Amino acid sequence: MFGLGKKDLSLFLIVVGLALFAPFLLNPFPTGSSLAQSNAGYPDLMQRFVIFGIFAIGFNLLFGLTGYLSFGHAAFLGMGSYAAVWMFKLLSMNVIPAILLSMVVAGLFAVVIGYVSLRRSGIYFSILTLAFAQMSYNLAYSVLTPITNGETGLQITLNDPRIFGVSATADGGIPVTNLFGLEMRSATTLDIAGWSFSFSAGYYLCAIMMILAFYLAIRIFRSPFGLMLRAIKSNQHRLNYTGLNARPYTLAVFVISGMYAGLAGGLLASMDPLAGPERMQWTASGEVVLMTILGGAGTLIGPVLGAGFIKYFENIFSKINDGVLHSWFAFLPDGIENLVVGLIHPFVGKGWHLTLGLMFMLVVIFLPGGLVEGGQRIGRLMRRRKKPAQDPRKPSPNPAE
């Protein structure tokens, strides 16, 4: 079905189910509950889950399959965002042309960067990509301010021409992004027995894009092209001795990966039409590396899990302040309550990066294969427990037979 094997089809259907039913899965606690702080089923956060999932899937095609570690992938994310916003300013507020242009611009940019950077491998390749990304950041921040609007960021205004759209709404406001009339910010709320579920048009557009991106990644993984990329990762020198030139393959996957990042940048701008140079900073490139390694580099679903993991803790842990902590531990005596809050305080709120760093260390040390390896270990343990004990009266099979 869909040209996928049984295992890949099961994995694909799991991702489809997670994406489509995310508003229910990410709201496990009632709205009035003290644990509602941990809910993540609101549109803005869900959109970031799937958008950065796309970003991580594309990065994993490069890093997971070839072993080429790029420290500058955020440059394509930023280029995609700028291209999308310019499309909104010049053409119309329809998201489809903006998304297509963001992928094309990011792909062309990736051709230039990849052609130069892929002349080297290992740490030299990583440093070259980082250098290109930082140059892009500085160009967007200061040199190309007529195009990027510098540190303020590029955004839509009432003075934009919008050839095939309107510059202002009937009430004089700035028009919003839409999909053939369906506004991206439109949402429906469903209240059921204390639970509140939000269904956003923008989220489901992003979710469909992630499902398509994941499907394409599976096909690349299982194709002869993907097999060649694995050979490059395994031993590129031995591959060269066979007479095969690896550079066209690495450049092709670099461009594909850059287009994935451009798609993610275009979706970010489609949900919130603003593009700033901070999306090109080295920290944004480092974030997608963390997502991929945490989830499981070289696996199919790992980058999606890693993106959701990091974005969840970024948005949930960063909101936990001393007031929330005191409400959680109010049942303790005052002295013990203050002690517990004081111990937890450095790990939440503005210090949530410390928690992320510790979790990353634990995953790298104990689960080198990321969250996917953790799931595989749990699965093997469950199967081992369910396996029936062998009858002692029955002779064991002879290995020689």
Side-chain angles (χ1 to χ4, degrees), residues 47-48 50-55 57-59 61 72-115 132-133 136-137 139-140 144-150 153-157 159-167 174-185 201-213 216 251-252 254-280 284 288:
Q47 288 167 10
R48 297 184 75 81
V50 293
I51 289 173
F52 280 90
I54 294 171
F55 190 19
I57 290 170
F59 179 81
L61 289 175
H73 245 53
F76 310 122
L77 182 77
M79 288 296 296
S81 294
Y82 280 117
V85 176
W86 270 111
M87 183 61 79
F88 292 139
K89 292 172 72 68
L90 299 176
L91 191 64
S92 74
M93 297 301 291
N94 193 319
V95 297
I96 296 299
I99 291 172
L100 293 176
L101 181 66
S102 65
M103 294 175 65
V104 171
V105 170
L108 293 175
F109 196 46
V111 170
V112 176
I113 293 180
Y115 183 79
F132 274 112
S136 302
Y137 166 75
L139 286 172
L144 299 178
T145 50
I147 300 175
T148 63
N149 204 28
L154 185 67
Q155 50 192 319
I156 58 176
T157 65
N159 298 323
D160 297 330
R162 275 186 280 282
I163 300 172
F164 297 110
V166 295
S167 297
I174 297 176
V176 299
T177 55
N178 63 82
L179 177 64
F180 302 110
L182 177 63
E183 294 185 359
M184 292 295 96
R185 67 183 184 185
Y203 165 73
Y204 277 104
L205 172 67
C206 297
I208 291 171
M209 290 294 180
M210 190 201 71
I211 290 171
L212 295 176
L216 180 59
L251 180 59
F254 190 88
V255 173
I256 294 171
S257 183
M259 293 179 72
Y260 267 78
L263 171 61
L267 288 173
L268 281 174
S270 297
M271 300 305 110
D272 182 14
L274 171 68
E278 70 280 353
R279 289 182 183 170
M280 293 182 169
V288 74

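This structure is a prediction, so every number in the text was calculated from the model and none was measured.
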Value for CD1 (Ile256) from CG (Leu251), rounded to nearest 0.5 Å, stands at 10.0 Å

Does anything in residues 94-112 pair up under salt bridge (charged side-chain N to carboxylate O under 4.0 Å, His left out), and if so which pairs, sequence neighbours excluded?
none

Just to verify, what does Glu278 make a salt bridge (charged side-chain N to carboxylate O under 4.0 Å, His left out) with, not counting sequence neighbours?
none

Evaluate the side-chain proximity of Phe52 to Val288: yes if any heavy-atom separation is below 4.5 Å, no if none is.
no

Residues forming a salt bridge (charged side-chain N to carboxylate O under 4.0 Å, His left out) with Asp272, sequence neighbours excluded:
none

Please examine the side chains of Ile113 and Phe254, heavy atoms only from C-beta on, and report whether any two atoms are closer than 4.5 Å.
yes

I'd like to check the ring pair (Phe, Tyr, Trp, His ring centres under 6.0 Å) partners of Phe59; sequence neighbours left out, ordered by chain and number.
Phe63, His73

For Asn94 and Phe164, run side chain to side chain contact (heavy atoms under 4.5 Å, CB included): C-alpha distance rounded to whole Å, both residues' side-chain angles, the deciding distance at 0.1 Å, then the answer.
CA-CA 9 Å; Asn94 193 319; Phe164 297 110; over 6 Å; no

Using the ring pair (Phe, Tyr, Trp, His ring centres under 6.0 Å) criterion, which residues pair with Tyr137? Sequence neighbours excluded.
Tyr141

Pairwise side-chain contact, Pro175 with Phe88, heavy-atom cut-off 4.5 Å (strictly under)
no

Side chain to side chain contact (heavy atoms under 4.5 Å, CB included) between Val166 and Arg162: does it pass, once the steps are laid out?
CA-CA 6 Å; Val166 295; Arg162 275 186 280 282; 5.9 Å; no

Any heavy-atom pair between the side chains of Ser270 and Ile99 that's under 4.5 Å?
yes

Check side chain to side chain contact (heavy atoms under 4.5 Å, CB included) between Val176 and all other residues, then give those that pass, not counting sequence neighbours.
Glu183, Arg185

For a side chain to side chain contact (heavy atoms under 4.5 Å, CB included) check, start with the C-alpha distance between Met184 and Leu205, then their side-chain angles and the critical distance, and finish with the verdict.
CA-CA 8 Å; Met184 292 295 96; Leu205 172 67; 3.5 Å; yes

For Met79, which residues count as a side chain to side chain contact (heavy atoms under 4.5 Å, CB included) partner, sequence neighbours excluded?
Val105, Phe109, Met280

Determine which pairs satisfy side chain to side chain donor-acceptor pair (under 3.5 Å) with at least one residue from residues 80-92, sequence neighbours left out, and list them in order.
Ser81-Arg279, Lys89-Asp160

Give the table of side-chain donor-acceptor pairs shorter than 3.5 Å for residues 262-269, with sequence neighbours excluded, one pair per line with atom names and distance.
none

Would you mind reporting whether Leu90 and Pro161 have side-chain heavy atoms less than 4.5 Å apart?
yes

Residues two or more places apart in sequence or in another chain: which of them pass side chain to side chain contact (heavy atoms under 4.5 Å, CB included) with Leu139?
Val143, Leu144

Ala284: partners by side chain to side chain contact (heavy atoms under 4.5 Å, CB included), with sequence neighbours left out
Ala74

Is there a side chain to side chain contact (heavy atoms under 4.5 Å, CB included) between Ile54 and Val50 once you walk through the steps?
CA-CA 6 Å; Ile54 294 171; Val50 293; 5.7 Å; no

